[in-house]
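Have a look at the structure below before the remarks.
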2 protein chains.
Amino acid sequence: MNIGQAARATGVSAKMIRWYEEQGLIPGAARTGAGYRVYGAADLDRLRFIRRARDLGFGVKQIGELLALWGDHARASGDVKRMALEHAAVLEARVAALQEMIGAIRHLAANCHGDARPDCPILDNLAKPETPR
Amino acid sequence: MNIGQAARATGVSAKMIRWYEEQGLIPGAARTGAGYRVYGAADLDRLRFIRRARDLGFGVKQIGELLALWGDHARASGDVKRMALEHAAVLEARVAALQEMIGAIRHLAANCHGDARPDCPILDNLAKPETPR
DNA sequence: GTGGTGCTTCCCATCCTGGCAAGGTCAATC
DNA sequence: GATTGACCTTGCCAGGATGGGAAGCACCAC
């Protein structure tokens with residue numbers, strides 16, 4: 001199976017497959033005489049695993065750890081769970097930061113009449129002299 | 001005023017001040033004979049404006065637009081409001097994506113006993129053969 | 001004049017992804 | 001057998017915002 005077929009089969013672009021290989025997430029693929037990468041069922045499983053972890057927002061480093069745990073049949077499920085919950089907490093912190101921004105923006109916009117007049121509390125707030133930091 | 005003082009006065013690091021200059025968000029600063037950048041009150045105002053916009057999650061490109069509107073005394077407040085609301089919508093989409101991830105992770109973790117046994121629904125889910133995409 | 005601090009430019013790294021270019025390969029069609 | 005189009009290879013560039021560091025020069029206080 002060529003890289004393009006593997007890409008279609010797993011939902012990971014050919015580009016990213018090469019990159020994951022470079023990053024060490026997947027072993028260097030076997031090659032044909034002409035140098036084409038060749039993928040087997042186990043490779044596809046690994047790529048799908050990576051894609052799902054990526055869809056959950058895990059970074060490359062964490063995916064590497066998850067893969068190691070996946071391959072380690074003596075792993076403790078507590079290790080995996082801890083990783084997952086720590087990651088969820090990171091994502092939640094990101095959400096909180098975004099929501100603060102959203103709240104501030106919506107608050108400013110609510111006070112802006114938003115017509116053709118130049119008067120604009122949004123810009124006034126961005127330009128105000130105080131430096132709350 | 002030197003770049004370091006301007007940085008302390010505005011909360012924008014010297015590194016970023018140089019970068020904003022390179023990106024065209026601020027005009028090239030005046031220089032002393034020795035090549036040191038010199039900042040005045042108007043520059044500090046502009047840097048503070050940039051910092052606040054950045055704190056609201058606006059990107060460099062949008063900050064440029066906001067600065068243009070700020071300087072345009074004939075602007076329509078509707079233009080600013082539209083930008084702000086569009087940006088809030090983008091941030092909300094980002095939040096929604098993150099929350100989907102968080103929900104999925106927490107759901108998986110809730111079904112993982114998380115002790116020393118290797119049994120782990122989190123890994124099982126990442127490894128499952130279906131390819132929902 | 002000497003030391004410490006601050007400024008200058010330039011390069012590197014992050015994190016993941018896409019795009020493009022130049023060249024080789026494969027398979028199918030004429 | 002030759003052409004063609006799709007596919008593969010490597011490698012470089014880009015983004016968005018930020019920090020780190022190195023090498024060299026400037027400034028100020030003592």
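Chain letters run A, B, ... following the sequence lines, proteins first and then strands; every chain starts at 1.
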Subject >> Nearest-neighbour nucleotide for the B:Ile3 side chain, D:dT9, C:dC7, C:dG18 considered >> reply: C:dC7
Subject >> More than 12 heavy atoms from other groups under 6.0 Å of NE2 on B:His113 >> reply: yes
Subject >> Nearest-Å distance for atom pair CG/P, residues B:Leu91 and D:dG16 >> reply: 15 Å
Subject >> Those residues of residues 24-39 of chain A lying under 4.0 Å from DNA chain C by at least one heavy atom >> reply: A:Ala34, A:Tyr36
**OP:** Rounded off to whole Å, could you give me the NZ-to-P distance for the B:Lys61 and D:dA17 pair?
**Re:** 12 Å
Original post:
Taking for each residue the nucleotide of DNA chain D bearing the nearest heavy atom, is the 5' side occupied by A:Arg8 or by B:Tyr20?
Top reply: A:Arg8
**OP:** Could you give me the CA-CA distance, side-chain angles and deciding distance for B:Val95 and B:Gln99, then say whether side-chain contact (heavy atoms from CB on, under 4.5 Å) is met?
**Re:** CA-CA 6 Å; B:Val95 165; B:Gln99 278 176 337; 3.6 Å; yes
Subject >> Between C:dT17 (C1') and A:Gln23 (CD): distance, integer Å >> reply: 12 Å
Subject >> Main-chain N/O of A:Leu25 paired with A:Arg46 side-chain donor or acceptor, under 3.5 Å >> reply: yes
Original post:
Got a second to check how far B:Leu108's CG is from B:Leu126's CG, nearest 0.5 Å?
Top reply: 7.0 Å
Subject >> Donor-acceptor pair (no angle test) under 3.5 Å: B:Lys15 side chain, D:dG21 base >> reply: yes
**OP:** Specify the angle, to 10°, made by the local axes at the two ends of the helix from C:dG1-D:dC30 to C:dC30-D:dG1 when five pairs are taken at each end.
**Re:** 30°
**OP:** Working to the nearest 0.5 Å, report the span between CD1 of B:Ile63 and CD of B:Gln23.
**Re:** 11.0 Å
Subject >> A:Ile50 CD1 - C:dT17 C1' separation (whole Å) >> reply: 15 Å
Original post:
From B:Met83 CE over to B:Glu65 CD, what is the distance, rounded to the nearest 0.5 angstrom?
Top reply: 4.5 Å
Subject >> Cationic N near anionic O, under 4.0 Å, B:Arg48 to B:Asp45 >> reply: yes
Subject >> Length of the CD1-P vector between B:Ile17 and D:dT18, whole Å >> reply: 12 Å
Would you list the protein and nucleotides 28-30 of chain D atom pairs, both N or O, that sit under 3.5 Å from each other?
none

**OP:** Round to the nearest Å and state the distance from A:Trp19 atom CH2 to C:dG19 atom P.
**Re:** 17 Å
Original post:
Can you tell me if CD on A:Glu100 sees more than 12 non-hydrogen neighbours from other groups inside 6.0 Å?
Top reply: no
**OP:** Starting from C1' on C:dC26, measure out to CG on A:Asn2 and report it in whole angstrom.
**Re:** 9 Å
Subject >> A:Arg106 side chain near B:Glu92 side chain, heavy-atom distance below 4.5 Å >> reply: yes
Subject >> Least distance between heavy atoms, B:Ser77 atom then A:Cys120 atom >> reply: CB-CB, 3.9 Å
Original post:
Rounded to the nearest 0.5 Å, how far apart are CD1 of A:Ile122 and CG of B:Leu85?
Top reply: 7.0 Å
Original post:
Does OP1 or OP2 of D:dT9 have a side-chain N or O of A:Arg18 closer than 4.0 Å?
Top reply: yes
Original post:
Taking side chain as C-beta onward, heavy atoms only, is B:Met16 less than 4.5 Å from B:Ile50?
Top reply: no
Original post:
Separation of A:Gln62 atom CD from C:dC15 atom P, in whole Å?
Top reply: 9 Å
